[in-house]
Amino acid sequence: MNVKVNDNVLVITGKYAGKQGKVIAASPKNGTVTVEGVNIHKKSKKARRGNEVSQIVDIEAPLNVSNVMVVCPACSKAVRVKYNVEEGKKHRVCPKCGTGLDKAYTGKATKAAKSEAAPKRVRKRAKKEEGEAKPESEDKAE
């Protein structure tokens, strides 16, 4: 699936065609995405406690991923995603302007750098007194 959470997308078909929004949920298994402010449905919410009030709530329903296109943040155009492989990793790229669509992921790199920079912690174990250790070995030798 070419669309990820927090991507800005353009709806290309259906009732909401032409609307742009941010992806708030993606389900690759079902092939759907939920876009903020698009495909609004009404849902009845029942009161569960005595002090609550029943109400009708607006929720965003999922759309099929084939009905949306990713909008490039640099050139502001809806594009089909292209992939480039650099240093053994796949990156999403805009085919029109060549800008990367993935935000730089620094989570694992910073953790690795921290672990290399910090010395490893060594636990000090309590040493047995030499006086106690010698009689036990002498008893066994005799």
Work out which heavy atom in A74 is nearest to a heavy atom in T99; give both atom names and the distance. CB-OG1, 3.4 Å
Atom NZ of K43 and atom NZ of K45: how far apart are they, to the nearest 0.5 Å? 9.5 Å
Would V3 end up clustered with V79 when hydrophobic side chains under 4.5 Å apart are linked, directly or stepwise? no
Shortest non-hydrogen contact from C72 to L101? CA-CD2, 4.1 Å
Using the rule side-chain contact (heavy atoms from CB on, under 4.5 Å), only one of L10, I12, V9, N2 pairs with V68; which is it? V9
Can you check whether R92's main-chain N or O pairs, donor with acceptor, with D102's side chain at less than 3.5 Å? yes
As a test of understanding, state which of V35, V38, I40, N39 forms a side-chain contact (heavy atoms from CB on, under 4.5 Å) with E60. I40
Gap separating the CZ atom of R80 from the CE atom of M69, nearest 0.5 angstrom: 7.0 Å
Once you round to the nearest 0.5 Å, how far does CD1 of I24 lie from CD of E36? 6.0 Å
Nearest 0.5 angstrom please: M1 CE to S27 OG, how far? 7.0 Å
Please find the pair of heavy atoms, one from E52 and one from R48, that lie closest to each other, and give the distance. OE1-N, 3.1 Å
For A47, does its backbone N or O pair with a side-chain atom of S54 as donor and acceptor, under 3.5 Å? yes
What heavy-atom pair brings K90 and Y83 nearest, and what distance separates the two atoms? CE-CD2, 3.7 Å
Ignoring hydrogens and geometry beyond distance, is a side-chain donor-acceptor pair present between N64 and S66 at under 3.5 Å? yes
Residues N8 and K22: closest non-hydrogen pair is OD1-N, 4.2 Å
Taking everything shown except K96 itself, do over 12 heavy atoms lie less than 6.0 Å from its NZ? yes
Closest non-hydrogen contact found for D7 with K4 is OD2-N, 2.9 Å
